[in-house]
Amino acid sequence: MLLLDGNQLSSVIRKEILAKVIQFCQNDIRPPHLAAVIVGDNPASQAYVRNKMRACEEVGFASSLIKKAIGTTQTELLDVIAKLNEDNQLDGYIVQLPLPRHIDEHAINLAINPSKDVDGFHPNNFGKMALGFKTFQPATPMGIMMMLDRYKIETEGKHCVVLGRSNIVGTPIALLMSKKTKPGNATVTIAHSRTANLKEICQSADILIAALGIPKFVKGDMVKDGVVVIDVGINKMEDPNSSKGYRLVGDVDFDEVSKKASAITPVPGGVGPMTITALLENTWSAYSKLF
Ligand code: NDP
């Protein structure tokens with residue numbers, strides 16, 4: 001069984017990005033600059049943003065964190081976005097999700113300048129991705145594709161089952177896997193909470209991508225021998241033996257499924273770090289005006 005190690009692969013790719021920054025940013029040329037906007041004090045969001053800022057340091061990027069109080073209005077947030085759109089010292093930015101309920105996520109997404117949309121959520125970029133144009137792709141699916149590519153996992157002609165159809169993971173990864181690309185060229189089934197015969201569908205998967213948000217949902221008897229498993233889930237599970245009182249687990253029961261899989265991502269240390277690495281790649285592309 002091959003462990004698809006997102007930490008190790010990220011470290012390799014981040015060194016490549018750092019090398020490009022060192023080579024390009026000589027003679028007072030400023031480095032790429034990524035900003036993150038966070039509204040409220042959700043601890044998980046704060047941890048994600050912290051990791052993204054740390055990753056910027058690792059690759060020589062400048063980073064800015066814009067913290068707004070939970071009571072920030074939609075108009076105030078749109079003002080922040082308008083300023084970021086105009087800032088010519090800034091290449092890309094993300095608005096960390098989820099946003100408080102009183103703010104309309106779609107309105108915020110639409111306000112982001114597509115050329116700075118390094119999360120790839122703006123409809124312009126999502127549409128370009130769907131049509132096969134080069135563009136910013138949402139970081140998690142992009143990170144998964146980078147992982148399949150670097151680990152040389154064969155996807156062509158394989159049956160790929162995607163569990164989940166969210167706009168940030170399930171739908172875009174299903175789209176990318178079905179494209180006439182390498183990796184890609186898979187025959188894709190998207191499953192969701194209304195899918196009938198889910199177990200049988202999972203059992204027919206050559207590649208199973210789990211993005212449901214249900215701890216250890218995929219069990220050993222739901223997969224066939226030799227399956228490639230990409231576990232996107234990040235779930236907290238109570239664990240009195242851990243100093244924090246919990247540990248992170250994926251949507252896949254790793255102990256059971258890894259016995260049958262030919263390759264599998266761990267949680268943590270699989271898709272999570274690759275997501276941040278993809279964000280860094282997108283920021284480099286924004287800086288280099290690649291799209
Ligand atoms: P969402 O809650 O937006 O979507 C979950 C999807 O799973 C929905 O499409 C839902 O179906 C489907 N689903 C729920 N229950 C079932 C079920 N019993 N059987 C089949 N399908 C089901 O989640 P996200 O896509 O945002 O995130 C999924 C997981 O990935 C979470 O654990 C999240 O923390 C993690 N994540 C990890 C990232 C990383 O970097 N590693 C990045 C982003 C997310 P329906 O549409 O019918 O409701």
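Small disclaimer: the values here were computed from a predicted structure and weren't measured. For ligands, and for the atoms within them, numbers begin at 1 and follow the listed sequence.
Figure legend: cation-pi geometry between K236 and Y246, with NZ or CZ positioned under 6.0 Å from the six-membered ring centre and within 45° of its axis.
Comment: D206 engages K224 in a salt bridge, judged by a side-chain N to carboxylate O separation of less than 4.0 angstrom.
With a 4.5 Å cut-off on side-chain heavy atoms, I13 and M146 count as touching.
The neighbour count for E238 CD, taken as heavy atoms of other residues, nucleotides or ligands under 6.0 Å away, does not exceed 12.
At a 4.0 Å heavy-atom cut-off, the residues surrounding ligand 1 are T140, G164, R165, S166, I168, V169, H192, S193, L198, A211, L212, G213, I214, F217, V232, G233, I234, N235, V271, G272, T275, listed by chain and number.
For the pair N282 (side chain) and V118 (backbone), a donor-acceptor distance under 3.5 Å is present.
Taking the six-membered ring where tryptophan is involved, the planes of F61 and W284 are essentially parallel, since the angle between them stays under 30° and well short of 60°.
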